[in-house]
Protein chains: 2
Amino acid sequence: MLNKESPLPMYYQIEEDLKRKIESGIYNYGEAIPSERELSETYEVSRMTVRQAILNMVRNRILYREKGRGTFVAEEKFEQPLQGVTSFSEDMKRRGLTPHNELLIFERQDPDETTKDLLQLKEEEVYYLKRIRYADDEPMAIEETFIPVHLFPELDADRLEGVSFYEYIETKTAHSIERARQTIEAGTAVFEEARPLSIEEGDAILRIERIGYLSTGVPFERNTSIYRSDRYKFISDMQREK
Amino acid sequence: MLNKESPLPMYYQIEEDLKRKIESGIYNYGEAIPSERELSETYEVSRMTVRQAILNMVRNRILYREKGRGTFVAEEKFEQPLQGVTSFSEDMKRRGLTPHNELLIFERQDPDETTKDLLQLKEEEVYYLKRIRYADDEPMAIEETFIPVHLFPELDADRLEGVSFYEYIETKTAHSIERARQTIEAGTAVFEEARPLSIEEGDAILRIERIGYLSTGVPFERNTSIYRSDRYKFISDMQREK
DNA sequence: CACTAAAATTGGTATAGACAACTATATACG
DNA sequence: CGTATATAGTTGTCTATACCAATTTTAGTG
(Lines give C-alpha, C1' and ligand atoms only; values in the text may rest on other atoms or scores of the structure.)
Protein backbone atom coordinates (compact mmCIF):
# COMPACT_ATOMS: atom_id res chain seq x y z
CA MET A 1 0.00 0.00 0.00
CA LEU A 2 2.46 2.62 1.17
CA ASN A 3 6.13 2.78 0.38
CA LYS A 4 8.15 3.29 3.53
CA GLU A 5 11.33 3.79 1.52
CA SER A 6 9.89 6.51 -0.67
CA PRO A 7 11.29 10.02 -0.24
CA LEU A 8 7.66 11.16 -0.18
CA PRO A 9 6.51 11.45 3.43
CA MET A 10 4.04 8.89 4.68
CA TYR A 11 1.34 11.45 5.43
CA TYR A 12 1.53 12.65 1.85
CA GLN A 13 1.14 9.13 0.49
CA ILE A 14 -1.85 8.67 2.76
CA GLU A 15 -3.40 11.86 1.46
CA GLU A 16 -2.99 10.70 -2.12
CA ASP A 17 -4.46 7.31 -1.33
CA LEU A 18 -7.48 8.81 0.44
CA LYS A 19 -8.06 11.21 -2.45
CA ARG A 20 -7.94 8.32 -4.87
CA LYS A 21 -10.45 6.38 -2.81
CA ILE A 22 -12.78 9.36 -2.71
CA GLU A 23 -12.57 9.87 -6.46
CA SER A 24 -13.12 6.22 -7.21
CA GLY A 25 -16.20 6.20 -5.02
CA ILE A 26 -14.88 3.92 -2.30
CA TYR A 27 -15.61 6.76 0.12
CA ASN A 28 -18.73 8.68 -0.83
CA TYR A 29 -19.52 12.36 -0.44
CA GLY A 30 -21.07 13.14 2.91
CA GLU A 31 -20.19 9.76 4.33
CA ALA A 32 -17.63 8.99 6.99
CA ILE A 33 -14.20 7.60 6.26
CA PRO A 34 -12.62 5.15 8.73
CA SER A 35 -11.57 6.57 12.07
CA GLU A 36 -8.01 7.68 12.77
CA ARG A 37 -7.36 4.55 14.76
CA GLU A 38 -8.63 2.27 12.02
CA LEU A 39 -6.61 4.06 9.35
CA SER A 40 -3.46 3.90 11.45
CA GLU A 41 -3.86 0.12 11.53
CA THR A 42 -4.57 -0.35 7.84
CA TYR A 43 -1.71 1.92 6.77
CA GLU A 44 0.50 0.57 9.54
CA VAL A 45 1.56 4.01 10.72
CA SER A 46 0.99 5.82 13.99
CA ARG A 47 -2.23 7.66 14.62
CA MET A 48 -0.42 11.01 14.59
CA THR A 49 0.78 10.39 11.07
CA VAL A 50 -2.72 9.58 9.86
CA ARG A 51 -3.83 12.71 11.66
CA GLN A 52 -1.37 14.89 9.79
CA ALA A 53 -2.71 13.58 6.50
CA ILE A 54 -6.33 14.12 7.53
CA LEU A 55 -5.78 17.61 8.90
CA ASN A 56 -4.14 18.64 5.65
CA MET A 57 -7.15 17.39 3.75
CA VAL A 58 -9.50 19.20 6.12
CA ARG A 59 -7.63 22.41 5.38
CA ASN A 60 -8.13 21.74 1.69
CA ARG A 61 -11.87 21.16 2.24
CA ILE A 62 -11.69 17.62 1.01
CA LEU A 63 -12.77 16.33 4.42
CA TYR A 64 -14.45 17.79 7.47
CA ARG A 65 -14.58 16.44 10.98
CA GLU A 66 -16.93 16.44 13.93
CA LYS A 67 -15.67 15.60 17.36
CA GLY A 68 -17.18 12.37 18.66
CA ARG A 69 -18.78 11.60 15.28
CA GLY A 70 -16.10 11.08 12.71
CA THR A 71 -14.42 12.39 9.58
CA PHE A 72 -16.54 12.93 6.49
CA VAL A 73 -15.99 13.51 2.81
CA ALA A 74 -16.92 17.07 1.89
CA GLU A 75 -19.46 17.78 -0.82
CA GLU A 76 -18.24 17.32 -4.34
CA LYS A 77 -18.77 20.87 -5.44
CA PHE A 78 -16.19 22.17 -2.98
CA GLU A 79 -13.60 19.73 -4.09
CA GLN A 80 -11.94 22.13 -6.45
CA PRO A 81 -12.45 25.57 -5.05
CA LEU A 82 -12.15 28.19 -7.73
CA GLN A 83 -10.48 30.58 -5.38
CA GLY A 84 -6.85 31.34 -5.87
CA VAL A 85 -4.67 33.68 -7.77
CA THR A 86 -4.66 32.95 -11.48
CA SER A 87 -3.23 34.56 -14.54
CA PHE A 88 -5.48 35.47 -17.44
CA SER A 89 -4.46 32.34 -19.32
CA GLU A 90 -5.24 30.07 -16.40
CA ASP A 91 -8.52 31.84 -15.73
CA MET A 92 -9.71 31.40 -19.31
CA LYS A 93 -8.67 27.76 -19.50
CA ARG A 94 -10.61 27.11 -16.33
CA ARG A 95 -13.65 28.56 -18.02
CA GLY A 96 -13.15 26.29 -20.99
CA LEU A 97 -11.93 29.02 -23.32
CA THR A 98 -8.72 29.21 -25.35
CA PRO A 99 -6.59 32.22 -24.51
CA HIS A 100 -4.11 34.03 -26.69
CA ASN A 101 -2.35 37.37 -26.63
CA GLU A 102 -1.54 40.24 -28.88
CA LEU A 103 1.63 41.87 -27.59
CA LEU A 104 1.51 45.59 -28.27
CA ILE A 105 4.46 46.78 -26.20
CA PHE A 106 7.37 45.07 -24.50
CA GLU A 107 10.10 47.33 -23.17
CA ARG A 108 12.21 48.22 -20.19
CA GLN A 109 11.50 51.53 -18.58
CA ASP A 110 11.89 53.55 -15.41
CA PRO A 111 8.69 53.07 -13.43
CA ASP A 112 6.39 55.94 -12.56
CA GLU A 113 5.78 56.90 -8.95
CA THR A 114 2.66 54.77 -8.51
CA THR A 115 4.38 51.68 -9.83
CA LYS A 116 7.49 52.30 -7.73
CA ASP A 117 5.33 52.65 -4.68
CA LEU A 118 3.19 49.58 -5.31
CA LEU A 119 6.14 47.37 -6.20
CA GLN A 120 8.31 48.77 -3.41
CA LEU A 121 11.04 49.85 -5.80
CA LYS A 122 13.65 52.57 -5.55
CA GLU A 123 15.41 53.08 -8.84
CA GLU A 124 15.15 49.62 -10.38
CA GLU A 125 13.92 49.26 -13.93
CA VAL A 126 10.72 47.38 -14.81
CA TYR A 127 9.50 45.52 -17.84
CA TYR A 128 6.41 47.14 -19.26
CA LEU A 129 4.01 44.96 -21.21
CA LYS A 130 0.84 46.02 -22.93
CA ARG A 131 -1.27 43.23 -24.30
CA ILE A 132 -4.68 42.53 -25.69
CA ARG A 133 -6.02 39.34 -24.21
CA TYR A 134 -8.25 37.12 -26.29
CA ALA A 135 -10.49 34.19 -25.39
CA ASP A 136 -11.64 32.02 -28.25
CA ASP A 137 -10.42 34.75 -30.62
CA GLU A 138 -12.60 37.40 -29.06
CA PRO A 139 -10.94 40.35 -27.36
CA MET A 140 -11.58 40.14 -23.64
CA ALA A 141 -9.24 42.53 -21.89
CA ILE A 142 -6.53 45.15 -22.25
CA GLU A 143 -3.74 44.48 -19.84
CA GLU A 144 -0.72 46.43 -18.71
CA THR A 145 1.91 44.69 -16.60
CA PHE A 146 4.92 46.01 -14.72
CA ILE A 147 7.57 43.53 -13.57
CA PRO A 148 10.81 44.41 -11.75
CA VAL A 149 13.69 43.52 -14.06
CA HIS A 150 15.99 42.42 -11.26
CA LEU A 151 13.60 39.62 -10.27
CA PHE A 152 13.53 38.08 -13.75
CA PRO A 153 16.64 39.35 -15.53
CA GLU A 154 16.40 36.81 -18.33
CA LEU A 155 12.84 37.64 -19.34
CA ASP A 156 12.04 38.44 -22.96
CA ALA A 157 9.06 38.56 -25.24
CA ASP A 158 9.57 35.03 -26.55
CA ARG A 159 9.32 33.51 -23.13
CA LEU A 160 5.94 35.09 -22.61
CA GLU A 161 4.55 33.94 -25.90
CA GLY A 162 3.36 30.39 -25.46
CA VAL A 163 3.16 29.92 -21.75
CA SER A 164 1.43 31.83 -18.97
CA PHE A 165 3.69 34.19 -17.04
CA TYR A 166 2.62 32.60 -13.77
CA GLU A 167 3.41 29.16 -15.09
CA TYR A 168 6.76 30.43 -16.29
CA ILE A 169 7.63 31.77 -12.83
CA GLU A 170 6.73 28.57 -11.10
CA THR A 171 8.39 26.15 -13.50
CA LYS A 172 11.37 28.02 -14.90
CA THR A 173 12.51 30.16 -11.98
CA ALA A 174 13.29 29.62 -8.31
CA HIS A 175 10.54 32.04 -7.29
CA SER A 176 7.06 30.98 -6.27
CA ILE A 177 3.85 32.96 -6.26
CA GLU A 178 2.10 33.28 -2.95
CA ARG A 179 -0.75 35.77 -3.07
CA ALA A 180 -2.23 38.80 -4.73
CA ARG A 181 -4.32 41.77 -3.80
CA GLN A 182 -6.86 43.07 -6.27
CA THR A 183 -9.12 46.04 -6.40
CA ILE A 184 -12.05 45.86 -8.74
CA GLU A 185 -14.17 48.73 -9.91
CA ALA A 186 -16.67 49.42 -12.63
CA GLY A 187 -16.29 52.06 -15.27
CA THR A 188 -17.35 53.00 -18.75
CA ALA A 189 -15.07 52.60 -21.74
CA VAL A 190 -13.50 55.62 -23.38
CA PHE A 191 -12.82 55.48 -27.09
CA GLU A 192 -9.24 54.17 -26.86
CA GLU A 193 -10.42 51.34 -24.62
CA ALA A 194 -13.57 50.53 -26.55
CA ARG A 195 -11.84 50.20 -29.92
CA PRO A 196 -9.51 47.24 -29.19
CA LEU A 197 -12.19 45.48 -27.16
CA SER A 198 -14.76 45.75 -29.96
CA ILE A 199 -17.28 47.45 -27.72
CA GLU A 200 -18.92 50.86 -27.79
CA GLU A 201 -17.81 53.99 -26.01
CA GLY A 202 -19.72 54.19 -22.71
CA ASP A 203 -20.14 50.43 -22.39
CA ALA A 204 -19.51 48.98 -18.94
CA ILE A 205 -16.03 47.68 -18.18
CA LEU A 206 -14.29 46.20 -15.17
CA ARG A 207 -11.03 47.77 -14.08
CA ILE A 208 -8.90 45.38 -12.09
CA GLU A 209 -5.67 46.41 -10.47
CA ARG A 210 -3.59 43.62 -9.06
CA ILE A 211 -0.36 43.44 -7.09
CA GLY A 212 1.16 39.95 -7.01
CA TYR A 213 3.47 38.80 -4.23
CA LEU A 214 6.07 36.04 -4.12
CA SER A 215 6.26 33.68 -1.16
CA THR A 216 9.05 35.85 0.18
CA GLY A 217 6.57 38.70 0.44
CA VAL A 218 8.25 40.64 -2.36
CA PRO A 219 5.82 42.16 -4.91
CA PHE A 220 6.65 40.85 -8.37
CA GLU A 221 4.01 42.39 -10.64
CA ARG A 222 1.61 45.23 -10.99
CA ASN A 223 -1.16 44.37 -13.36
CA THR A 224 -3.81 46.75 -14.57
CA SER A 225 -6.57 45.21 -16.64
CA ILE A 226 -9.67 46.44 -18.36
CA TYR A 227 -12.22 43.72 -19.06
CA ARG A 228 -15.29 44.08 -21.21
CA SER A 229 -18.17 43.30 -18.92
CA ASP A 230 -20.57 41.86 -21.45
CA ARG A 231 -18.43 38.75 -21.73
CA TYR A 232 -16.57 38.60 -18.43
CA LYS A 233 -17.61 38.11 -14.82
CA PHE A 234 -15.11 38.12 -12.01
CA ILE A 235 -15.57 35.05 -9.82
CA SER A 236 -14.30 34.95 -6.30
CA ASP A 237 -14.50 32.33 -3.60
CA MET A 238 -13.85 33.57 -0.11
CA GLN A 239 -13.64 32.04 3.29
CA ARG A 240 -14.96 33.49 6.49
CA GLU A 241 -12.27 34.59 8.91
CA LYS A 242 -12.31 33.26 12.41
CA MET B 1 3.59 32.12 31.98
CA LEU B 2 1.13 29.47 30.81
CA ASN B 3 -1.78 28.11 32.76
CA LYS B 4 -1.80 24.34 32.65
CA GLU B 5 -5.19 24.19 34.35
CA SER B 6 -6.87 26.50 31.85
CA PRO B 7 -9.51 24.99 29.58
CA LEU B 8 -7.72 26.78 26.76
CA PRO B 9 -5.28 24.39 25.10
CA MET B 10 -1.59 25.00 25.67
CA TYR B 11 -0.86 25.55 21.98
CA TYR B 12 -3.45 28.30 21.90
CA GLN B 13 -1.94 30.03 24.92
CA ILE B 14 1.45 29.83 23.25
CA GLU B 15 0.04 31.39 20.09
CA GLU B 16 -1.39 34.28 22.06
CA ASP B 17 1.86 34.80 23.92
CA LEU B 18 3.91 34.80 20.73
CA LYS B 19 1.52 37.26 19.09
CA ARG B 20 1.82 39.53 22.09
CA LYS B 21 5.58 39.39 21.93
CA ILE B 22 5.53 40.22 18.24
CA GLU B 23 3.24 43.17 18.76
CA SER B 24 5.23 44.51 21.67
CA GLY B 25 8.38 44.33 19.59
CA ILE B 26 10.13 41.60 21.56
CA TYR B 27 10.28 39.68 18.28
CA ASN B 28 10.79 41.93 15.29
CA TYR B 29 9.47 41.60 11.77
CA GLY B 30 11.76 39.58 9.56
CA GLU B 31 13.78 38.28 12.48
CA ALA B 32 13.86 34.75 13.83
CA ILE B 33 11.99 33.69 16.93
CA PRO B 34 13.58 31.08 19.23
CA SER B 35 13.78 27.56 17.89
CA GLU B 36 11.17 24.94 18.65
CA ARG B 37 13.42 23.32 21.20
CA GLU B 38 14.15 26.55 23.00
CA LEU B 39 10.48 27.46 23.12
CA SER B 40 9.54 24.02 24.39
CA GLU B 41 11.94 24.58 27.30
CA THR B 42 10.82 28.09 28.15
CA TYR B 43 7.13 27.20 27.97
CA GLU B 44 7.79 23.82 29.62
CA VAL B 45 5.82 21.87 27.03
CA SER B 46 6.84 19.27 24.50
CA ARG B 47 8.28 20.28 21.17
CA MET B 48 5.21 18.95 19.34
CA THR B 49 2.98 21.30 21.29
CA VAL B 50 5.12 24.29 20.41
CA ARG B 51 5.05 23.03 16.88
CA GLN B 52 1.26 23.02 16.75
CA ALA B 53 1.18 26.64 17.89
CA ILE B 54 3.81 27.68 15.35
CA LEU B 55 2.20 25.85 12.44
CA ASN B 56 -1.11 27.53 13.18
CA MET B 57 0.60 30.90 13.07
CA VAL B 58 2.34 29.99 9.84
CA ARG B 59 -1.05 29.24 8.32
CA ASN B 60 -2.23 32.64 9.46
CA ARG B 61 0.85 34.26 7.88
CA ILE B 62 2.09 35.60 11.16
CA LEU B 63 5.22 33.50 10.89
CA TYR B 64 7.07 31.69 8.14
CA ARG B 65 9.66 28.98 8.37
CA GLU B 66 12.68 27.80 6.44
CA LYS B 67 13.99 24.32 6.94
CA GLY B 68 17.41 24.32 8.52
CA ARG B 69 17.28 28.08 9.18
CA GLY B 70 14.54 28.89 11.61
CA THR B 71 11.15 30.48 12.12
CA PHE B 72 10.69 34.15 11.27
CA VAL B 73 8.14 36.86 11.92
CA ALA B 74 6.31 37.75 8.71
CA GLU B 75 6.13 41.29 7.43
CA GLU B 76 3.78 43.55 9.29
CA LYS B 77 1.48 44.35 6.41
CA PHE B 78 0.38 40.75 6.04
CA GLU B 79 -0.53 40.42 9.67
CA GLN B 80 -4.20 41.09 9.17
CA PRO B 81 -5.12 39.93 5.71
CA LEU B 82 -8.19 41.70 4.43
CA GLN B 83 -9.44 38.62 2.73
CA GLY B 84 -12.50 36.91 4.07
CA VAL B 85 -16.23 36.98 3.67
CA THR B 86 -17.77 40.08 5.14
CA SER B 87 -21.18 41.62 5.29
CA PHE B 88 -21.74 45.15 4.08
CA SER B 89 -21.62 46.47 7.63
CA GLU B 90 -18.34 44.76 8.40
CA ASP B 91 -16.86 45.85 5.09
CA MET B 92 -17.69 49.50 5.70
CA LYS B 93 -16.44 49.49 9.28
CA ARG B 94 -13.17 48.02 8.06
CA ARG B 95 -12.89 50.97 5.71
CA GLY B 96 -13.48 53.38 8.53
CA LEU B 97 -17.00 54.29 7.47
CA THR B 98 -20.23 54.14 9.46
CA PRO B 99 -22.87 51.92 7.88
CA HIS B 100 -26.61 52.13 8.18
CA ASN B 101 -29.61 50.74 6.33
CA GLU B 102 -32.90 51.82 4.93
CA LEU B 103 -35.20 48.82 4.93
CA LEU B 104 -37.55 49.00 1.95
CA ILE B 105 -39.04 45.52 1.99
CA PHE B 106 -39.09 42.68 4.48
CA GLU B 107 -41.43 39.81 3.71
CA ARG B 108 -41.76 36.08 3.36
CA GLN B 109 -42.32 34.79 -0.12
CA ASP B 110 -42.05 31.75 -2.34
CA PRO B 111 -38.68 31.95 -4.07
CA ASP B 112 -38.34 32.22 -7.83
CA GLU B 113 -36.62 29.48 -9.80
CA THR B 114 -33.17 31.11 -9.76
CA THR B 115 -33.22 31.58 -6.01
CA LYS B 116 -34.51 28.05 -5.42
CA ASP B 117 -31.72 26.72 -7.55
CA LEU B 118 -28.94 28.77 -5.99
CA LEU B 119 -30.08 28.10 -2.42
CA GLN B 120 -30.82 24.44 -3.13
CA LEU B 121 -34.45 24.74 -2.03
CA LYS B 122 -37.52 22.77 -2.99
CA GLU B 123 -40.65 24.43 -1.71
CA GLU B 124 -39.35 26.22 1.36
CA GLU B 125 -40.18 29.88 1.87
CA VAL B 126 -37.53 32.58 1.99
CA TYR B 127 -37.28 35.96 3.61
CA TYR B 128 -36.91 38.70 1.03
CA LEU B 129 -35.17 41.89 2.06
CA LYS B 130 -34.58 44.95 -0.04
CA ARG B 131 -32.37 47.57 1.51
CA ILE B 132 -30.49 50.70 0.65
CA ARG B 133 -27.06 50.60 2.23
CA TYR B 134 -25.46 53.80 3.43
CA ALA B 135 -21.90 54.62 4.46
CA ASP B 136 -21.41 57.86 6.35
CA ASP B 137 -24.95 58.82 5.32
CA GLU B 138 -24.22 58.48 1.63
CA PRO B 139 -26.06 55.82 -0.36
CA MET B 140 -23.61 53.14 -1.41
CA ALA B 141 -25.56 50.12 -2.59
CA ILE B 142 -28.94 48.61 -3.28
CA GLU B 143 -29.13 45.15 -1.87
CA GLU B 144 -31.61 42.31 -2.19
CA THR B 145 -31.26 39.32 0.10
CA PHE B 146 -32.96 35.93 0.10
CA ILE B 147 -32.68 33.79 3.23
CA PRO B 148 -34.34 30.38 3.74
CA VAL B 149 -36.92 30.77 6.51
CA HIS B 150 -36.33 27.30 7.92
CA LEU B 151 -32.71 28.13 8.77
CA PHE B 152 -33.61 31.20 10.83
CA PRO B 153 -37.27 30.78 11.82
CA GLU B 154 -37.11 33.50 14.46
CA LEU B 155 -35.82 36.23 12.16
CA ASP B 156 -37.64 39.56 11.96
CA ALA B 157 -36.93 43.09 10.87
CA ASP B 158 -35.99 44.27 14.35
CA ARG B 159 -33.20 41.77 14.65
CA LEU B 160 -31.62 43.08 11.47
CA GLU B 161 -31.78 46.69 12.51
CA GLY B 162 -28.80 47.39 14.70
CA VAL B 163 -26.50 44.49 14.12
CA SER B 164 -24.97 42.95 10.99
CA PHE B 165 -26.76 39.84 9.76
CA TYR B 166 -23.48 37.93 9.71
CA GLU B 167 -22.76 38.96 13.28
CA TYR B 168 -26.28 37.92 14.24
CA ILE B 169 -25.79 34.46 12.76
CA GLU B 170 -22.50 33.90 14.51
CA THR B 171 -23.50 35.20 17.92
CA LYS B 172 -27.20 34.47 18.27
CA THR B 173 -27.61 31.21 16.39
CA ALA B 174 -25.92 27.82 16.36
CA HIS B 175 -24.95 28.26 12.70
CA SER B 176 -21.59 29.48 11.54
CA ILE B 177 -20.59 31.05 8.25
CA GLU B 178 -17.92 29.27 6.30
CA ARG B 179 -17.52 30.70 2.82
CA ALA B 180 -19.14 32.55 -0.04
CA ARG B 181 -18.94 32.62 -3.78
CA GLN B 182 -19.32 35.92 -5.55
CA THR B 183 -19.58 36.95 -9.12
CA ILE B 184 -18.78 40.54 -9.93
CA GLU B 185 -19.62 42.36 -13.11
CA ALA B 186 -19.79 45.91 -14.31
CA GLY B 187 -22.89 47.57 -15.64
CA THR B 188 -24.52 50.92 -16.15
CA ALA B 189 -27.31 52.14 -13.94
CA VAL B 190 -30.87 52.29 -15.20
CA PHE B 191 -33.18 54.97 -13.86
CA GLU B 192 -34.63 52.92 -10.99
CA GLU B 193 -31.14 52.06 -9.81
CA ALA B 194 -29.61 55.49 -10.29
CA ARG B 195 -32.30 57.31 -8.33
CA PRO B 196 -31.78 55.76 -4.88
CA LEU B 197 -28.00 55.78 -5.28
CA SER B 198 -27.93 59.48 -6.13
CA ILE B 199 -26.09 58.85 -9.37
CA GLU B 200 -26.98 59.45 -13.02
CA GLU B 201 -28.52 57.02 -15.45
CA GLY B 202 -25.69 55.37 -17.41
CA ASP B 203 -23.13 55.75 -14.62
CA ALA B 204 -20.97 52.72 -13.92
CA ILE B 205 -22.10 50.30 -11.23
CA LEU B 206 -20.83 47.02 -9.83
CA ARG B 207 -23.26 44.13 -9.71
CA ILE B 208 -22.28 41.59 -7.11
CA GLU B 209 -24.11 38.32 -6.69
CA ARG B 210 -23.17 36.33 -3.65
CA ILE B 211 -24.14 32.92 -2.32
CA GLY B 212 -23.15 32.38 1.30
CA TYR B 213 -22.56 28.94 2.79
CA LEU B 214 -22.64 27.69 6.36
CA SER B 215 -19.92 25.43 7.69
CA THR B 216 -22.25 22.52 7.03
CA GLY B 217 -22.08 23.39 3.35
CA VAL B 218 -25.72 24.54 3.28
CA PRO B 219 -26.31 27.80 1.39
CA PHE B 220 -27.90 30.34 3.72
CA GLU B 221 -28.24 33.50 1.65
CA ARG B 222 -28.44 34.81 -1.86
CA ASN B 223 -27.40 38.41 -1.99
CA THR B 224 -27.64 40.63 -5.03
CA SER B 225 -26.06 44.04 -4.68
CA ILE B 226 -25.63 47.06 -6.88
CA TYR B 227 -22.81 49.34 -5.79
CA ARG B 228 -22.13 52.78 -7.16
CA SER B 229 -18.63 52.60 -8.54
CA ASP B 230 -17.59 56.20 -8.01
CA ARG B 231 -17.38 55.57 -4.27
CA TYR B 232 -16.79 51.85 -3.98
CA LYS B 233 -13.99 49.50 -4.97
CA PHE B 234 -14.16 45.80 -4.35
CA ILE B 235 -11.01 44.60 -2.60
CA SER B 236 -9.96 41.00 -2.71
CA ASP B 237 -6.95 39.19 -1.30
CA MET B 238 -6.26 35.82 -2.81
CA GLN B 239 -3.77 33.07 -2.30
CA ARG B 240 -2.09 31.02 -4.95
CA GLU B 241 -3.23 27.41 -5.02
CA LYS B 242 -0.68 24.69 -4.79
C1' DC C 1 -41.92 1.17 25.86
C1' DA C 2 -39.45 5.17 27.51
C1' DC C 3 -35.99 6.88 30.01
C1' DT C 4 -31.39 6.70 32.11
C1' DA C 5 -26.82 5.27 32.93
C1' DA C 6 -22.79 3.19 31.39
C1' DA C 7 -19.69 1.81 27.78
C1' DA C 8 -17.63 2.33 23.44
C1' DT C 9 -16.10 5.22 19.73
C1' DT C 10 -14.45 9.36 17.85
C1' DG C 11 -11.61 13.36 17.35
C1' DG C 12 -8.55 16.85 20.42
C1' DT C 13 -4.54 17.69 23.18
C1' DA C 14 -0.08 16.56 24.90
C1' DT C 15 4.26 13.92 26.00
C1' DA C 16 9.15 12.23 25.12
C1' DG C 17 11.96 10.70 22.04
C1' DA C 18 14.22 9.39 17.47
C1' DC C 19 16.11 10.09 12.97
C1' DA C 20 16.26 12.71 8.45
C1' DA C 21 17.08 16.80 5.64
C1' DC C 22 18.86 21.16 5.36
C1' DT C 23 21.72 25.43 6.65
C1' DA C 24 25.34 28.04 8.56
C1' DT C 25 29.62 28.12 10.83
C1' DA C 26 33.92 26.76 12.36
C1' DT C 27 37.98 23.90 11.36
C1' DA C 28 41.53 21.50 9.01
C1' DC C 29 43.94 20.89 4.83
C1' DG C 30 46.11 21.80 0.40
C1' DC D 1 44.17 32.27 0.91
C1' DG D 2 40.66 29.28 -0.80
C1' DT D 3 38.36 24.84 -0.44
C1' DA D 4 36.66 20.89 1.26
C1' DT D 5 34.95 18.73 5.61
C1' DA D 6 33.13 18.12 9.98
C1' DT D 7 29.75 19.82 13.34
C1' DA D 8 26.24 22.00 15.55
C1' DG D 9 21.70 23.90 15.08
C1' DT D 10 17.36 24.15 12.69
C1' DT D 11 12.90 22.42 10.88
C1' DG D 12 10.53 18.03 8.93
C1' DT D 13 8.80 13.45 9.68
C1' DC D 14 7.35 9.70 12.53
C1' DT D 15 6.58 6.60 16.57
C1' DA D 16 4.06 4.90 20.65
C1' DT D 17 1.46 6.23 24.23
C1' DA D 18 -1.76 8.61 27.37
C1' DC D 19 -5.59 11.11 28.74
C1' DC D 20 -9.54 14.41 27.70
C1' DA D 21 -14.07 15.87 25.58
C1' DA D 22 -17.97 15.16 22.67
C1' DT D 23 -21.01 12.00 20.69
C1' DT D 24 -23.14 7.69 19.70
C1' DT D 25 -24.35 3.16 20.96
C1' DT D 26 -25.55 -0.23 24.14
C1' DA D 27 -27.31 -2.12 28.30
C1' DG D 28 -30.05 -1.65 32.03
C1' DT D 29 -34.09 -0.09 34.67
C1' DG D 30 -38.46 1.46 35.87
Side-chain (A:Gln13) to main-chain (A:Leu8) donor-acceptor, under 3.5 angstrom: yes

Could you tell me whether the side chain of A:Asn101 and the main chain of A:Leu103 form a donor-acceptor pair under 3.5 Å?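 Between the backbone of A:Leu103 and the side chain of A:Asn101 there is no qualifying donor-acceptor contact (under 3.5 Å).
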
Roughly, in whole Å, what's the span from [atom1] in [X] to [atom2] in [N]?
X: B:Phe72; N: D:dT11; atom1: CZ; atom2: P; value: 8 Å
X: A:Glu66; N: C:dG12; atom1: CD; atom2: P; value: 10 Å
X: B:Glu31; N: D:dT10; atom1: CD; atom2: P; value: 16 Å
X: B:Met48; N: D:dT15; atom1: CE; atom2: P; value: 11 Å
X: A:Leu55; N: D:dC14; atom1: CG; atom2: P; value: 14 Å
X: A:Arg65; N: C:dT9; atom1: CZ; atom2: P; value: 18 Å
X: A:Arg37; N: D:dT15; atom1: CZ; atom2: C1'; value: 16 Å
X: B:Tyr43; N: C:dA16; atom1: OH; atom2: P; value: 18 Å

I want to verify a distance call: between [options], whose nearest atom is closest to the [X] side chain?
X: A:Pro9; options: C:dT10, D:dT13, C:dA14; value: D:dT13
X: A:Lys67; options: C:dA16, C:dG12, C:dC19; value: C:dG12
X: B:Ser46; options: C:dT10, C:dA14, C:dG12; value: C:dA14
X: A:Tyr11; options: D:dT13, C:dG11, C:dA14; value: D:dT13
X: B:Gln52; options: C:dT13, C:dT10, C:dC19; value: C:dT13
X: B:Glu36; options: D:dT24, D:dG12, C:dA16; value: D:dG12

Short side-chain N/O contact to [N] OP1/OP2 from [X], under 4.0 Å:
X: A:Thr49; N: D:dC14; value: no
X: A:Arg47; N: D:dT15; value: no
X: B:Arg69; N: D:dT10; value: no
X: B:Thr71; N: D:dT10; value: no

Go through the steps for B:Phe165 and B:Tyr127 under the test ring pair (Phe, Tyr, Trp, His ring centres under 6.0 Å), then give the verdict. CA-CA 13 Å; B:Phe165 176 45; B:Tyr127 299 107; 8.9 Å; no

Assign each of B:Met10 and A:Ile33 to its nearest nucleotide of DNA chain C by heavy atoms, then name whichever residue's nucleotide is nearer the 5' end.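 Closer to the 5' end of DNA chain C: A:Ile33.
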
Could you tell me if the side chain of A:Phe146 sits less than 4.5 Å from the side chain of A:Gln109, heavy atoms only? yes

Would you call the rings of A:Phe152 and A:Tyr168 parallel, tilted or perpendicular, taking 30° and 60° as the class edges? tilted

